[in-house]
Each structure stands twice: as structure tokens, then as C-alpha cells.
Amino acid sequence: MTTSATAAPQVREALAAQTIELPSWAFGNSGTRFKVFSTPGVPRDPFEKIADVAQVHRYTGAAPRVSLHIPWDLVDDYEALAAHASDLGVQIGAINSNLFQEDDYKLGSLTHPDPAIRKKAIDHHKQCIDVMRATGSTDLKLWLPDGTNYAGQDDIRGRQDRLAESLQEIYAALDPNHRLLIEYKFFEPYFYTMDIPDWGTSLVHCLALGDQAAVVLDTGHHAPGTNIEFIVAQLVRLGKLGAFDFNSRNYADDDLIVGAADPFQLFRIMNEIVTNDALKEEAGVNFMLDQCHNIEPKIPGQIRSVMNVQEATAKALIVDREALREAQISGDVLGANAVLMDAYNTDVRPLLAEVRAEKGLAEDPYAAFNASGYLDQIAAERVGGQQAGWGA
Ligand code: AOS
Ligand code: ZN
Ligand code: ZN
């Protein structure tokens, strides 16, 4: 029987070292095309977003980076923003481009038939690369919202050729220490084709580009029933899993708190990460959240998300790998499954509480933050100026 109390030192070390990157857009009033419910005290600018990110890191000890989104996080001086982050003990992570909020992109951005529109989209990524240079970021994350709604609307192959050319131009602008992370999504905002609908299409373009390109797996971007852990194993095996965009879904790209809808799936995903030795930083997988919270309190929602990823990781780390391998080799079907389920059914919260205490952190970051009074403080200080809507 696996128990968290018997967790080996290397398990504790891995848990203590784990980091999860937070999305800046999870902290503002945003998250839906319907009513955006406003929350008192939400950030009024990227500097205040980073202050809230620092709270998540302060209590979890596992969230030292924040993804920015251009243009949602426009500032005059990105070096000052990075210095502000550093002063608060965090750093700027991936820079996310935005190709889904401009009229020009109605019929496509990097795939558009008009080279002038493609150039505009390419130049936007060159602007993002300038931000990377100012903030020290190394990951440029590209989610392509391009697609079509009707058969015959455009040439499917032609769009792939145009996309390949556009990506090559962006890739050529990268610095040697940069990566281009290409995200896929099987539907929405278009419903007949998406130009990067699946992990295979993203992988094909990444392979054509080179070693600095990798795939982003957003857990909300698959058809219901997709075996996501198979995709994880395949991309890790090829060294082409660049990042996760973790969230939960009940129906589609719901962007809910990761692990809340299907904690068993999150465990199976982290099991493939652990069994393929892809948890450590050298493996190059950036564990990012991509969530938009509309009714959930923002900072507690991020703390809960980080804790959910930590719990799934801890369960994956305590799997009895030797017993599992023996059962697999001997064809003991139920025995092998039982080894995995034994770990999944283990309460790892005591183990995580010990690891946090050993780091000088509160054993329950969620409770500790809620008792801190920070939410009341920012509600009193941040009066007025909040924006509502996507990415505020
Ligand atoms: C959109 O659905 C993708 O998940 C994006 O990665 C994310 O929503 C955000 O817009 C960052 O660009
Ligand atoms: Zn995403
Ligand atoms: Zn998404």
C-alpha cells in the first residue's frame, strides 16, 4: 500500500521544486462574453496583477512566474514591469500574442489570403518578441484562432501553406534562447475548420520550424472523451511538449479551475509526466494555467488551482513504479491498474502540508491567504479604474 507518509526524499524534493505559471488574465474582471461580474479590488493595471500573482506565490511557494498577454498587459516600460515583478519575488513568464480581437482578422490572421493582413499578424508577434527581450521571457505563446465556418469558404491546404510561411517568419525573428509555443484548439471561434485544430497539426508545424518550436496542450481544447494523457506521452516522447494550459472543462473551453471537474484525468496526465521523467525543469515543459474566473474569487481560485496541480503531481510521484512495471510485464491487468489506483486514492494532503512546512509556508495556503485580509485591503485601496471584459 502506498502512503504519503512513506514518500521518498526525491518525492518531497520534486514537490518542493514544482512551479506552476499563472495567467495575468485570471486576476482581472474577465472570463466570458456574457455578463462579466465585477469583483472589488481587482487589479487596475499589470503592475497590480503582478502584486496579486505574488500573493499566490507567497502562500503556495509554487507560482513564481506570470504569463503576460499582449495587448491585455500593455505598459510603457516592460523592463520596469519585470523589475516590479522581481521586487515581489516573481518573474514574467510566457508572452501570449492575441490574434482574436481585431476586425482585420475576421477571415484569418496568419492564414489570411491578403499578405498585408498576414504581415500585420506577423508584426504583432515581432512586437511580442520585443516584450520578451525587455522582460527576459523565453517563451512566446501563440494560440491561432483562425478557421472557417463553411465548406468552400477558403482553401484548407492554401491556409496551411500560408500559415507555414507566416510561422517561419515569426520563428526567424526569435532569439536563440527563445521558444515558439504553438497551441491548438479543436473548435471556437470557428466551427467548420480551425487551422490548428489538434496536436498533430501543431506538431507538424513545430517540426517544420525547428528545435525552438513546441506544442502547447490546453486541457480544455479537446473533444469530449479525448485521451489527453496519450497526447502527453506522445509529445514528451518526441521532446515537443512545450507547455500545458491547465484548466477544467465540463463542456468545452470552460477555463474553470484545473482539477475541479475531473481530478482523475489530471492525475493521469501528471502520471505520464512523472513516468516519462518530464517534471523537472530540464524537460522543458512549462506547467501553465489558462483560466478565466468570472464568479470565483480570483486569487483564492488561483491558489486552489496550484494546490490541485500539486495534489495530482504528488499522487503521480507516489505510484509504486516497480510494482507497476512488474504487473505490466507479467500482464497482470487488474494488478497494474490497482497500483495506479492505490496512488490516486491516497490522501496526499498531509505530505504536501509537510513539504510546505519544510519550506516555511503555511500547511494550507488557501486558508492562510483567506485569513490574511489581503482581499479586504485591495478592495479598500483599489477604488475605481477596473476594466470589465476580456483580458481586463
Ligand atoms: C484560447 O482559448 C486559448 O486557450 C488561449 O491560450 C488563452 O485563452 C489566452 O487567450 C491566451 O492567449
Ligand atoms: Zn490556452
Ligand atoms: Zn482556451
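Just so you know, ligand 1 is whichever comes first in the structure, and atom 1 is the first atom listed for that ligand.
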Whether the [X] and [Y] side chains hold a donor-acceptor pair (N or O, under 3.5 Å, no angle test) is what I'd like checked.
{"X": "Asp52", "Y": "Tyr374", "value": "yes"}
{"X": "Ser24", "Y": "Asp73", "value": "yes"}
{"X": "Asn247", "Y": "Asp254", "value": "no"}
{"X": "Asn286", "Y": "Arg179", "value": "no"}

Would you check whether [X] has a nitrogen or oxygen atom less than 3.5 angstrom from a nitrogen or oxygen atom of ligand 1?
{"X": "Trp72", "value": "no"}
{"X": "Trp143", "value": "no"}
{"X": "Asp290", "value": "yes"}
{"X": "Lys141", "value": "yes"}

Quick check on contacts: which atoms of ligand 1 are under 4.0 angstrom from a heavy atom of [X]?
{"X": "Phe100", "value": "10 (O)"}
{"X": "Asp245", "value": "6 (O)"}
{"X": "Glu183", "value": "3 (C), 4 (O), 5 (C), 6 (O)"}
{"X": "Trp25", "value": "9 (C), 11 (C)"}
{"X": "His69", "value": "10 (O), 11 (C), 12 (O)"}

Where's the contact between [X] and ligand 1, heavy-atom distance under 4.0 Å: side chain, backbone, both or neither?
{"X": "Glu188", "result": "neither"}
{"X": "Asp253", "result": "side chain"}
{"X": "Asn98", "result": "neither"}

If you draw a sphere of radius 2.8 Å around the Zn ion (ligand 2), how many protein N/O/S atoms end up strictly inside it?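 Protein N, O or S neighbours of the Zn ion (ligand 2) under 2.8 Å, waters not counted, come to 4.
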Among pairs that include at least one residue of residues 252-273, which meet ring pair (Phe, Tyr, Trp, His ring centres under 6.0 Å), considering only residues two or more places apart or in two chains? Phe264-Tyr344, Phe267-Tyr344
Taking the six-membered ring for Trp, are His293 and Phe27 ring centroids under 6.0 Å apart? no
By the salt bridge (Lys or Arg N to Asp or Glu O under 4.0 Å) test, which pairs, at least two apart or in different chains, include something from residues 262-282?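 For residues 262-282, and leaving out neighbouring residues, the salt bridge (Lys or Arg N to Asp or Glu O under 4.0 Å) pairs sorted by first residue read Glu229-Arg268, Asp277-Lys280.
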Of Gln127, His125, Lys119, which is the lone residue that meets side-chain hydrogen bond (donor to acceptor under 3.5 Å, both in side chains) with Asp123?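 Result: among Gln127, His125, Lys119, Lys119 is the only option passing the side-chain hydrogen bond (donor to acceptor under 3.5 Å, both in side chains) with Asp123.
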Is there a side-chain contact between Ile95 and Lys141 (heavy atoms, below 4.5 Å)?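 When only atoms from C-beta onward are counted, Lys141 and Ile95 do not touch, as no gap falls below 4.5 Å.
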With sequence neighbours left out, what residues match His124 under ring-ring contact (aromatic ring centres under 6.0 Å, His included)? none
Start with the C-alpha distance between Arg162 and Asp146, add both sets of side-chain angles, then the distance that settles salt bridge (Lys or Arg N to Asp or Glu O under 4.0 Å), and finish with yes or no. CA-CA 12 Å; Arg162 296 193 290 264; Asp146 292 16; over 6 Å; no
Would you call the rings of Phe246 and Phe244 parallel, tilted or perpendicular if under 30° counts as parallel and over 60° as perpendicular? parallel
